[in-house]
J.: 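There's a structure below that I have some questions on.
Only a predicted model underlies this, so the values are computations on that prediction, with no experimental measurement involved. In listed order, ligands and their atoms are each counted from 1.
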Amino acid sequence: MIAYREIHDMDVEIIINLWKRCGLTRDWNDPYKDIALARSGPASAILVGKIDQRVVATVMVGHDGHRGVLYYLAVDPEFQKRGFGRATVKAAEDWLRKLGVWKINLTVRAENYDVSGFYESLGYVVNPVVSFGKLIDGTWPDVHP
Ligand SMILES: CC(C)(COP(=O)(O)OP(=O)(O)OC[C@H]1O[C@@H](n2cnc3c(N)ncnc32)[C@H](O)[C@@H]1OP(=O)(O)O)[C@@H](O)C(=O)NCCC(=O)NCCS
């Protein structure tokens, strides 16, 4: 039985390790900074799924005042394909629903398109939009999602 709660300080290193093992970290994203920002206000959170005392899943969830968004969805590779990904997305949806958010927009990195089948099996559909990004104060030549 998996149980979800918001992240505690003691989870941080374990979670970053999980994100690395799941291929979610990128050189241009500092995961410590990402965690701190997500924990800094009421519009976002990091949910941790635990079985007994073991962290097996995470999702960063939040909203921008209009739409909900998910990041850092991860299930420990040893626990994948047992329904925990689906349960973790549902935990995030429940979190947003309580705040009155009724639609989620999320992005999947181009190199991770394979995961589209996962979201489709949960009822997500491709939005007919083009996604733009910009570093507000950055100097990199590329824009990274
Ligand atoms: C994506 C991820 C969270 C899925 O977790 P999971 O626990 O294996 O998923 P579930 O067992 O809950 O699967 C739910 C459904 O999605 C399907 N599914 C899972 N991974 C899939 C994939 N890569 N492609 C297609 N379908 C997939 C399952 O078959 C299942 O379908 P069913 O309910 O009809 O049987 C997990 O593979 C993961 O952590 N991946 C690495 C990190 C990542 O890519 N995160 C997403 C970033 S956008």
J.: Mind checking whether R82 contacts ligand 1 via backbone (N, CA, C, O), side chain (CB onward), both or neither, at a 4.0 Å heavy-atom cut-off?
T.: backbone
J.: Indicate, as side chain, backbone, both or neither, the part of D114 found under 4.0 angstrom from ligand 1 when only non-hydrogen atoms are considered.
T.: backbone
J.: For atom 44 (O) of ligand 1, what is the closest protein heavy atom, and at what distance to 0.1 Å?
T.: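 Protein heavy atom at minimum distance: N112 ND2, 2.9 Å.
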J.: Within the 3.5 Å criterion, strictly below it, is a donor on Y71 or T107 matched to an acceptor on the partner's side chain?
T.: no
J.: Are V61 and L122 joined in one hydrophobic group, where the rule is that I, L, V, M, F, W and Y side chains link up if heavy atoms are under 4.5 Å apart?
T.: yes
J.: Are side-chain heavy atoms of S44 and M60 found at a separation under 4.5 Å?
T.: no
J.: Output yes when the distance from some N or O of ligand 1 to some N or O of T107 is under 3.5 Å, and no in every other case.
T.: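 For ligand 1, there is no N or O atom that lies under 3.5 Å from one belonging to T107.
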J.: What part of Y113, side chain from CB on, backbone N/CA/C/O, both or neither, has a heavy atom under 4.0 Å from ligand 1?
T.: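 No part of Y113 comes within reach of ligand 1.
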J.: Any chance NZ of K103 has more than 12 other-residue heavy atoms, nucleotides or ligands included, within less than 6.0 Å?
T.: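 More than 12 within 6.0 Å, yes.
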J.: Starting from atom 32 (P) of ligand 1, locate the nearest protein heavy atom and write down its residue, its atom name and how far away it is, to 0.1 Å.
T.: R86 NH2, 3.8 Å
J.: Yes or no, since that's all I need: does a protein heavy atom fall within a distance strictly under 4.0 Å of atom 7 (O) of ligand 1?
T.: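 There is a protein heavy atom less than 4.0 Å from atom 7 (O) of ligand 1.
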J.: For atom 31 (O) of ligand 1, what is the nearest protein heavy atom, given as residue, atom name and distance?
T.: S121 OG, 3.9 Å
J.: Only heavy atoms count here, so choose which of W19, F118, Y72 is nearest to atom 19 (C) of ligand 1.
T.: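 It is F118 that holds the nearest heavy atom.
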J.: Please identify which atoms of ligand 1 are closer than 4.0 Å to at least one heavy atom of Y119.
T.: 46 (C), 48 (S)
J.: To the nearest 0.5 Å, what is the distance between OH (Y4) and CH2 (W95)?
T.: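 The OH atom of Y4 sits 15.5 Å away from the CH2 atom of W95.
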J.: Give the contacting part of T88 toward ligand 1: side chain, backbone, both or neither, where contact means a heavy-atom distance below 4.0 Å.
T.: neither
J.: Does some side-chain heavy atom of I7 sit less than 4.5 Å from a side-chain heavy atom of V12?
T.: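 They are in side-chain contact.
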J.: Please identify which atoms of ligand 1 are closer than 4.0 Å to at least one heavy atom of G83.
T.: 10 (P), 11 (O), 12 (O)
J.: Regarding ligand 1, does G85 bring an N or O atom to under 3.5 Å of one of the ligand's N or O atoms?
T.: yes
J.: Look at atom 40 (N) of ligand 1 and say which protein heavy atom is nearest, naming residue and atom and giving the distance to 0.1 Å.
T.: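 Among all protein heavy atoms, the one nearest atom 40 (N) of ligand 1 is Q80 NE2, 3.7 Å.
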J.: Any protein heavy-atom neighbour for atom 28 (C) of ligand 1 (distance below 4.0 angstrom)?
T.: no
J.: Do V115 and I104 belong to the same hydrophobic cluster, where Ile, Leu, Val, Met, Phe, Trp and Tyr are linked whenever their side-chain heavy atoms lie under 4.5 Å apart, directly or via other members?
T.: yes
J.: How far is atom 1 (C) of ligand 1 from its nearest protein heavy atom, and which residue and atom name does that atom have?
T.: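 Its nearest protein heavy-atom neighbour is V115 CG2, 3.4 Å.
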J.: Does L106 approach ligand 1 within less than 4.0 angstrom via side chain, backbone, both or neither, non-hydrogen atoms only?
T.: neither
